[in-house]
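Here the structure comes first, spelled out in structure tokens, and everything after it is commentary.
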Amino acid sequence: VHGAGVGKTISRMFGEGLKKIDCASWLEKDRTLVVIGRKKSLSSTVVTTWKYFDGSDKSDAALMHLKTIDFGIDLTPRRSFFETPRALLSLSVFHDVGECLNLAIISETGALSVVQISKNGEYATKLNFYHNVCATAWWSSEAIAIALRNGEVIVENVSTGRRILGDAPECFETVAGMISVPRNVDGTRRARILLMECPKIGGWRLISLNERTPLELVHAHMDLEEWG
């Protein structure tokens, strides 16, 4: 959900704290709304989280405010200070209930900023983490999948810089979008990223990048009769 589409409704509900709403993301599993906006100064990014509680009828349903974090800086720089609402702003969220809230914010210039917020409200930011970014999705609480405009996809640990899938990027024609769809294997969370590729010949391809154990990799190579 972006910009003006949610700005008027959310601004009325959230009061005078935010002057502009830049982006929002709904986490269905947690029934939580994450909103990114700016204060009246327009130079400070503010993140608020809201929990939705169902009532016995529509009049009892409500969004309850959980957290507000004012970063004091603009996490989503624009080409022009006077351009509002901001276009092409994307938000990817990883939420581990009670543990962390991670945000990946793509500005209209293609610059990626990453914010990792701990359960006690402390946070770490990496501004302009990557450039020419078109899509992101969280691989885990520490690693993020990043699609570049040239079709390259990498999965990188935000803190250490280690590339999860190897040093060389995965290469595709054009990545139109990505989403995190983790698998549950014997009660253990396994990362999985689904991405949409648009080949030059037209049409679409849905591609899955999966976290696998060494044993699963061996079985995969055996199935493909890859013995080298």
Side-chain angles (χ1 to χ4, degrees), residues 1-3 5-6 22-29 34 36 75-79 83 85-96 100-116 125-185 189-212 216-217 220 224 226:
V1 183
H2 301 277
V6 295
D22 288 323
C23 199
S25 181
W26 172 251
L27 307 177
E28 177 62 27
K29 179 181 177 182
V34 180
I36 292 181
L75 296 179
T76 55
R78 294 155 289 166
R79 291 188 178 93
E83 290 181 8
R86 306 180 202 196
L88 304 178
L89 183 64
S90 174
L91 171 64
S92 178
V93 180
F94 180 96
H95 188 208
D96 187 357
C100 65
L101 177 66
N102 294 350
L103 310 176
I105 308 165
I106 306 175
S107 75
E108 61 179 326
T109 64
L112 171 65
S113 294
V114 174
V115 182
Q116 295 177 293
T125 62
K126 282 200 171 183
L127 303 181
N128 300 321
F129 184 52
Y130 269 87
H131 294 276
N132 296 317
V133 177
C134 63
T136 60
W138 285 94
W139 181 264
S140 68
S141 62
E142 291 294 330
I144 187 170
I146 303 169
L148 304 179
R149 291 174 177 173
N150 63 2
E152 294 181 352
V153 173
I154 61 174
V155 179
E156 185 168 315
N157 184 295
V158 175
S159 301
T160 66
R162 184 176 71 88
R163 293 195 174 184
I164 308 299
L165 303 182
D167 293 335
E170 302 290 326
C171 296
F172 304 94
E173 291 285 349
T174 301
V175 178
M178 295 195 301
I179 188 172
S180 176
V181 188
R183 300 178 298 151
N184 189 310
V185 181
R189 183 190 186 277
R190 298 278 177 79
R192 176 174 60 183
I193 300 294
L194 299 181
L195 63 88
M196 291 293 294
E197 181 188 33
C198 183
K200 288 185 178 66
I201 58 175
W204 297 91
R205 289 202 305 168
L206 180 63
I207 298 172
S208 178
L209 302 178
N210 300 290
E211 177 185 12
R212 291 177 173 176
E216 288 176 326
L217 287 174
L224 294 173
E226 295 178 346

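No hydrogens, no waters, no symmetry mates; every other heavy atom, side chains included, goes into these values. Predicted, not measured: the structure shown is a model, and the values here were computed from it.
- Within the 4.5 Å cutoff, the side chain of Cys100 has no heavy atoms near those of the Gln116 side chain.
- For the pair Pro169 and Arg163, the tightest heavy-atom approach, listed with the atom from each and the gap, is CD-NH1, 4.3 Å.
- Smallest separation of non-hydrogen atoms from Ile179 and Ala137: C-CB, 3.9 Å.
- Smallest separation of non-hydrogen atoms from Ala143 and Val155: CB-CG1, 4.3 Å.
- Listed for the Asn102 side chain is a donor-acceptor partner under 3.5 Å among the backbone atoms of Ser141.
- Taken to the nearest 0.5 Å, the CD1 atom of Ile164 stands 8.0 Å off from the CH2 atom of Trp139.
- Looking at heavy atoms from C-beta onward, Glu211 lies out of side-chain contact with Pro182 at the 4.5 angstrom threshold.
- At a threshold of 4.5 Å between non-hydrogen side-chain atoms, the residues Leu148 and Val133 count as touching.
- Taking both residues in full, the closest heavy atoms of Ala147 and Met178 are given as N-CE, 3.7 Å, listed atom of the first, atom of the second, then distance.
- Separation of atoms CG (Asn157) and CZ (Arg162) is listed at 6.5 Å; rounding is to 0.5 Å.
- In terms of heavy atoms, Glu152 sits closest to Cys171 at CG-SG, 4.2 Å.
- Contact annotation: the side chain of Thr136 approaches that of Ile106 to within less than 4.5 Å [non-hydrogen atoms, C-beta and beyond].
- In this structure, the separation between CZ on Phe94 and CG on Leu103 is 12.0 Å, given to the nearest 0.5 Å.
- For Glu173, the side-chain contact (heavy atoms from CB on, under 4.5 Å) partners at least two apart in sequence or on another chain are Glu197, Pro199, Lys200.
- Expressed to the nearest 0.5 Å, how far CG of Leu112 lies from CG of Asn132 amounts to 11.5 Å.
- For the side chain to side chain donor-acceptor pair (under 3.5 Å) test, residues two or more places apart in sequence or in another chain that qualify with Glu156 are Tyr130.
- Applying the 6.0 Å contact sphere to CD1 of Ile207 captures more than 12 heavy atoms from other residues, nucleotides or ligands.
- Atom CD of Glu170 and atom CG of Leu195 lie 9.5 Å apart (nearest 0.5 Å).
- Shown here for Ser92 and Trp138, the closest heavy-atom pair between the two residues is O-NE1, 3.1 Å.
- By the neighbour-count criterion of 12 heavy atoms within 6.0 Å, atom CG of Asp167 is sparsely surrounded, having that number or fewer from other residues, nucleotides or ligands.
- Residues Leu209 and Arg192 form no side-chain contact, since every pair of their non-hydrogen atoms from C-beta on lies 4.5 Å or further apart.
- When the shell of 6.0 Å around CZ of Arg183 is examined, it contains more than 12 heavy atoms from other residues, nucleotides or ligands.
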